[in-house]
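Atom set for the values below is all heavy atoms of this structure, side chains included, hydrogens, waters and symmetry mates excluded.
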Amino acid sequence: VQLQASGGGLVQTGNSLRLSCAASGRTSSIDVMGWFRQPPGKERQFVGVYRRSRRITNYADSVKGRFTISRDNAKNELYLQMNNLKPDDTAVYYCAGTVKNLILSSIYDPVHYEYWGQGTQVTVSS
């Protein structure tokens, strides 16, 4: 499985961006797919994922109500719509996926994901 993220850029506070993650290969094997981010000088953080077998989308508290994950199964693409962006959202955003049917406590840890996109920079200016 290969993942390729795109859509990052420089925006002002309060604006929106939509990130895309294009998946190729054995995409039908992926059960959990979503987004992490890595702010400058910090560890990689959970943003949100879609858990296919459970049909649930989970979000980090910091983005709930502002970010939305959606997917286009026909195109094998996953999206992250980011609204009302804040300077604290500045980070490199990565799409990630796993074939494992992760339990809830595991979805937040990047160590459980074996597939990663290359990252796309999002910068929010104040």
**Request:** State which residues pass side-chain hydrogen bond (donor to acceptor under 3.5 Å, both in side chains) with Gln118; sequence neighbours excluded, sorted by chain then number.
**Result:** none
**Message:** Give me each pair satisfying salt bridge (charged side-chain N to carboxylate O under 4.0 Å, His left out) with a member in residues 103-126, each pair once, sequence neighbours excluded.
**Reply:** Lys100-Glu114
**Message:** Could you go through Arg37 and Val47, starting from their C-alpha distance and side-chain angles, then the distance that decides it, and tell me whether this counts as side chain to side chain contact (heavy atoms under 4.5 Å, CB included)?
**Reply:** CA-CA 7 Å; Arg37 66 186 182 186; Val47 175; 3.6 Å; yes
**Request:** List in chain and number order the residues that pass side-chain contact (heavy atoms from CB on, under 4.5 Å) with Ser105, two or more places apart in sequence or in another chain; answer none if no residue qualifies.
**Result:** Ile103
**Request:** Could you identify which residues cluster with Tyr108, counting Ile, Leu, Val, Met, Phe, Trp and Tyr as linked when any side-chain heavy atoms lie under 4.5 Å apart, either directly or through a chain of such contacts?
**Result:** Val32, Phe36, Phe46, Val49, Val92, Tyr94, Leu102, Leu104, Ile107, Tyr113, Trp116
**side-chain hydrogen bond (donor to acceptor under 3.5 Å, both in side chains) against Ser29, all qualifying residues, sequence neighbours excluded** = none
**Message:** Strictly by salt bridge (charged side-chain N to carboxylate O under 4.0 Å, His left out), give each pair with a member in residues 41-54 just once, sequence neighbours left out.
**Reply:** none
**Request:** Give every residue pair that meets the salt bridge (charged side-chain N to carboxylate O under 4.0 Å, His left out) criterion with at least one member in residues 5-16, sequence neighbours excluded.
**Result:** none
**Item:** Sequence neighbours excluded - salt bridge (charged side-chain N to carboxylate O under 4.0 Å, His left out) pairs with any residue from residues 60-76
**Value:** Asp61-Lys64, Arg66-Asp89
**Request:** Return each pair, listed once, that meets ring-ring contact (aromatic ring centres under 6.0 Å, His included) where at least one residue sits in residues 53-77; pairs must be two or more places apart or across chains.
**Result:** none
**Asked** Excluding sequence neighbours, so at least two apart, what forms side-chain hydrogen bond (donor to acceptor under 3.5 Å, both in side chains) with Tyr79?
**Response** Glu77
**Message:** My understanding is that only residues two or more places apart in sequence, or in another chain, count here; which of them pass side-chain hydrogen bond (donor to acceptor under 3.5 Å, both in side chains) with Thr90?
**Reply:** none
Contacts under 3.5 angstrom, residues 5-26 side chains, donor-acceptor by atom type, not counting sequence neighbours:
from, atom 1, to, atom 2, distance (Å)
Thr13, OG1, Ser125, O, 2.8
Ser16, OG, Asn83, OD1, 2.9
Ser24, OG, Gln2, OE1, 3.2

